[in-house]
Protein chains: 2
Amino acid sequence: MTDVILAGEPEARPRAQTEPEGGETPAFDVIELLFFAYRDFVRDPDEALDAYGFGRAHHRVLHFVDRNPGLRVTELLDILKITKQSLGRVLRELVDKGFVTQREGAADRRQRLLFVTERGDRLVKELHRLQTRRISRALGQCSAAERDAVRRFLFEIIDPQERAQVAELTGVEPPPARR
Amino acid sequence: MTDVILAGEPEARPRAQTEPEGGETPAFDVIELLFFAYRDFVRDPDEALDAYGFGRAHHRVLHFVDRNPGLRVTELLDILKITKQSLGRVLRELVDKGFVTQREGAADRRQRLLFVTERGDRLVKELHRLQTRRISRALGQCSAAERDAVRRFLFEIIDPQERAQVAELTGVEPPPARR
DNA sequence: AAATTACGTCAGTCATGTTGACTTAATTCG
DNA sequence: CGAATTAAGTCAACATGACTGACGTAATTT
């Protein structure tokens, strides 16, 4: 099934053939671009977080708490799509080290509403700076219309049943109805 | 520093203020869209791989070996940016279960050139189908020019020193020179 | 002949996720 | 009011995919 090989010349190795169309043409380029882009997109923050003994999981919590002050734990679980136990460890570390605080809900005293501290705010701002630098560089090559297209593309990659939540969180346009 | 709170009404919780511009405006929307888009982008394949006892790491190896038949182990390590030990386990499992084969290099007999088997080919095609379905749905909303803008954006997110390699692998345009 | 390269492997560790079971306190529902 | 449910936390065990460091072997290059 694998046809031409040319084992001896790695430089001249041919790209695998696009197979004779059983269905849709595979979007190899976009699949790979998303992999490489995401890999590098999280690299800067990952390195910065290392200095605090934190990882990517801490970054996510910091980010969403910062963006949604007073977030409830249940809401955060629903955003991150991880289990309570996974979040537990990460959240405890952030609270212990003084990057996040918890406050009892005024209306419902079972709730532990989440807020970033002054210290957490400084860290999250630095992480935003790093990621924004990369994004601005990339969007800087685009017209306003193209920037919207990029946002629309990313939004459409998301599962349909999640889009309402994401639209709410990001402020990106809610779906204009579609097939 | 944290100002308005309104703890009692989670529905009415305000978005955190965009701070008074120390530098660039943080690209909160794109940061979050990339997170959610990637989370869902890898979900379908992850579920499909489960049936084989494989994970995301196996997917990546299968993908790049499929796309680049005769790939050398060293090249694969450089693409994935992981260590030899990490790759080792995953690759051994793929070989043991008959999804990938290794062939001695003709010119350099130290090399173990990698190929997907018939079986590996079937699996990787199924994974491509799942991811392509999602991508086509998203790109379907775009004009040809906008699709190029999306590819360009993703390409520009990648670290500059990695772009030549990615351009080579994906066939996406090599950088047209830029600041 | 010596140095380097390609590949593999052993052993231990860490970060982040998972299940399943259970507790406590507070709220809601019948 | 009492029972059921909800919000949050916790214990224990485990899986995956990464890491470091140290070695070994065969083949190639210098």
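Lettering of chains follows the sequences in order, A, B, ..., and the numbering in each one begins at 1. These values consider heavy atoms only, across backbone and side chains, with no hydrogens, waters or symmetry-generated copies.
- Here the P atom of nucleotide C:dC14 and the CG atom of A:Leu49 are 19 Å apart, to the nearest Å.
- Residue pairs meeting the salt bridge (charged side-chain N to carboxylate O under 4.0 Å, His left out) criterion with at least one member in residues 107-116 of chain A, sequence neighbours excluded, are A:Glu104-A:Arg109, A:Asp108-A:Arg110.
- Among the heavy atoms of the strands, none lies under 4.0 Å from A:Glu93.
- Across its full length, the helix from C:dA1-D:dT30 to C:dG30-D:dC1 shows an angle of 30° between the axes of its 5 terminal pairs at either end, rounded to 10 degrees.
- Of the residues in residues 30-47 of chain B, not one places a heavy atom less than 4.0 Å from an atom of DNA chain C.
- We find that CG of B:Leu77 is positioned 11 Å from C1' of C:dG8, with the value rounded to whole Å.
- Scanning residues 79-88 of chain A for heavy-atom distances under 4.0 Å to DNA chain D yields A:Lys84, A:Gln85.
- Between B:Gln102 atom CD and C:dG8 atom C1' there is a gap of 10 Å when expressed in whole angstrom units.
- For A:Arg112 and C:dA25, the shortest distance from a side-chain N or O to OP1 or OP2 is not below 4.0 Å.
- A 4.0 Å heavy-atom criterion places the boundary nucleotides of DNA chain D facing chain A at D:dT6 to D:dC11, written 5' to 3'.
- Remark: A:Arg43 engages A:Asp40, B:Asp159 in a side-chain hydrogen bond (donor to acceptor under 3.5 Å, both in side chains) (not counting sequence neighbours).
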Every protein N/O lying under 3.5 Å from an N/O of nucleotides 27-30 of chain C:
{"unit_1": "C:dT27", "atom_1": "OP1", "unit_2": "A:Arg109", "atom_2": "N", "d": "3.0"}

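- Under the rule for a ring pair (Phe, Tyr, Trp, His ring centres under 6.0 Å), the partners of A:Phe54 that lie at least two apart in sequence or sit in another chain are A:His58, A:Phe99.
- Contacts of B:Arg152 classified as salt bridge (Lys or Arg N to Asp or Glu O under 4.0 Å), with partners at least two apart in sequence or in another chain: A:Glu146.
- With sequence neighbours left out, the side-chain hydrogen bond (donor to acceptor under 3.5 Å, both in side chains) criterion links A:Glu162 to A:Lys81.
- Residues satisfying the side-chain hydrogen bond (donor to acceptor under 3.5 Å, both in side chains) test with B:Glu126, not counting sequence neighbours, are B:Arg129.
- The side-chain hydrogen bond (donor to acceptor under 3.5 Å, both in side chains) check on A:Gln85 picks up nothing, with sequence neighbours excluded.
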